[in-house]
Amino acid sequence: LVHLHQGDMDGACAVYSMMMSLIIERIIKSDLVINPPLTLKRNTSEGRLVRFFLEQSGMVINGYGFEDLHADLNSAFKKSVDAYYSMIEKKEDFQIIIDYLDKNHPVEIGFTRKRKESGHALVAIGYQIEDTKTILYCLDPGYPMGDCQIWNNVLEIDNTSTAKYNCYNMREDSHVVIDEMMVCL
């Protein structure tokens, strides 16, 4: 089990997405996140990490920013997790996402919805490049995973667009802008 649906544990979508990335990278086990023991062991790095995000940084009503998430990972868990964070400010920055996916690393992506003041986080696990667009196949904690599905959301980036909202979120049927990304190794 890799996909985590909001409600499986406490926390914001950024935390769910980070946990999915850590499960994919085999840094933590999914059982520890989905069915944590009553007392998480403090003498293991994965126990401390899960305990920190479940017990200390649990339900986050206003979201958990990638910068804060990155800082928490690199300060409290730098021995077990090497986190890389980057803002996505121009089209050329999308190549960082592709480079990590080419190395078989999941990429946590943060985006902002057009005409809404909210953002969302999900995990890109693959991509495909077609003519003028790049398609990112994603695990989205905001939606359930259907039987036999490998991903449950698709972000379609228009490589020729100069508009700010140059990405189309298939699941929500809306235009978004990808703002940031993080990789946990």
Side-chain angles (χ1 to χ4, degrees), residues 1-88 96-111 119-127 136-146 149-155 171 178-185:
L1 177 67
V2 172
H3 179 260
L4 299 174
H5 182 235
Q6 284 178 281
D8 290 340
M9 61 180 205
D10 283 343
C13 56
V15 176
Y16 280 85
S17 296
M18 179 206 57
M19 291 292 184
M20 286 190 281
S21 292
L22 294 173
I23 291 167
I24 292 169
E25 289 288 352
R26 298 173 194 250
I27 295 170
I28 61 172
K29 294 181 179 89
S30 61
D31 284 348
L32 194 59
V33 176
I34 296 170
N35 299 310
L38 293 176
T39 55
L40 286 162
K41 293 182 180 180
R42 297 179 194 188
N43 62 346
T44 67
S45 58
E46 67 178 7
R48 282 190 304 276
L49 187 142
V50 173
R51 187 170 188 272
F52 177 83
F53 286 105
L54 289 182
E55 294 178 9
Q56 295 176 12
S57 299
M59 191 64 96
V60 182
I61 294 170
N62 293 324
Y64 201 127
F66 277 30
E67 280 188 87
D68 294 334
L69 194 58
H70 176 254
D72 286 344
L73 283 169
N74 280 340
S75 65
F77 307 104
K78 60 185 170 191
K79 290 183 181 177
S80 57
V81 178
D82 182 19
Y84 171 78
Y85 166 78
S86 178
M87 294 289 295
I88 304 294
I96 298 167
I97 296 170
I98 300 304
D99 291 344
Y100 275 108
L101 290 172
D102 279 342
K103 295 175 186 170
N104 291 319
H105 296 294
V107 180
E108 186 172 1
I109 293 174
F111 65 77
H120 189 52
L122 41 67
V123 180
I125 57 170
Y127 74 95
L136 298 176
Y137 300 104
C138 304
L139 297 174
D140 190 332
Y143 298 96
M145 181 72 80
Q149 278 186 279
I150 298 172
W151 59 83
N152 66 341
N153 198 351
V154 174
L155 297 179
R171 189 71 187 214
I178 294 176
D179 303 305
E180 53 193 346
M181 56 83 58
M182 188 172 73
V183 176
C184 298
L185 306 170

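- Considering NE2 of His70 and CE of Met182, their distance stands at 7.5 Å, rounded to 0.5 Å.
- His105 is linked by a ring pair (Phe, Tyr, Trp, His ring centres under 6.0 Å) to nothing, counting only residues two or more places apart in sequence or in another chain.
- Checking each of Asp140, Asn152, Leu136 against Leu122 for a side-chain contact (heavy atoms from CB on, under 4.5 Å) leaves exactly one that passes, namely Asp140.
- Between Leu155 and Ile178 there is a side-chain heavy-atom pair separated by less than 4.5 Å.
- Met20 places none of its side-chain heavy atoms less than 4.5 Å from the side chain of Pro106.
- How far CD1 of Ile24 is from CD of Glu108: 10.5 Å, rounded to the nearest 0.5 Å.
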Worksheet item: What's the verdict on side chain to side chain contact (heavy atoms under 4.5 Å, CB included) for Ile88 and Met181, showing C-alpha distance, side-chain angles and the deciding distance?
Response: CA-CA 7 Å; Ile88 304 294; Met181 56 83 58; 3.6 Å; yes
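- Classification of the Tyr137-Trp151 ring pair by plane angle, with boundaries at 30° and 60°, yields tilted.
- Here the CG atom belonging to Leu22 is positioned 12.0 Å from the OG atom belonging to Ser30, to the nearest 0.5 angstrom.
- For the atom pair CG of Asp72 and CD of Glu67, the computed distance is 12.0 Å after rounding to the nearest 0.5 Å.
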Practice prompt. For the pair Leu73 and Cys184, evaluate side chain to side chain contact (heavy atoms under 4.5 Å, CB included) and give the outcome as yes or no after the intermediate values.
Written response: CA-CA 9 Å; Leu73 283 169; Cys184 298; 3.7 Å; yes
Practice prompt. Any chance you could lay out the side chain to side chain contact (heavy atoms under 4.5 Å, CB included) test for Arg171 and Val154, step after step, and finish with the verdict?
Written response: CA-CA 7 Å; Arg171 189 71 187 214; Val154 174; over 6 Å; no
Practice prompt. Test side chain to side chain contact (heavy atoms under 4.5 Å, CB included) on Val81 and Ile27 and set out the steps.
Written response: CA-CA 8 Å; Val81 178; Ile27 295 170; 3.9 Å; yes
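- The local environment of CG in Leu185 is crowded, with over 12 non-hydrogen atoms from other residues, nucleotides or ligands closer than 6.0 Å.
- Asn74 and Tyr85 are not linked by any side-chain donor-acceptor pair at a separation below 3.5 angstrom, with hydrogens and angles left out of the test.
- In this structure, Ile125 CD1 and Asn104 CG are separated by 11.0 Å, a value rounded to the nearest 0.5 Å.
- Of all the heavy atoms in Cys13 and Ala121, the pair that sits closest is SG-N, 3.3 Å.
- Applying the ring pair (Phe, Tyr, Trp, His ring centres under 6.0 Å) criterion to Phe66, with sequence neighbours excluded, gives no partner residue.
- Here the closest heavy-atom approach between residue Ala124 and residue Ile109 is recorded as CB-CD1, 3.6 Å.
- Expressed to the nearest 0.5 Å, how far OG of Ser17 lies from NE2 of His120 amounts to 6.5 Å.
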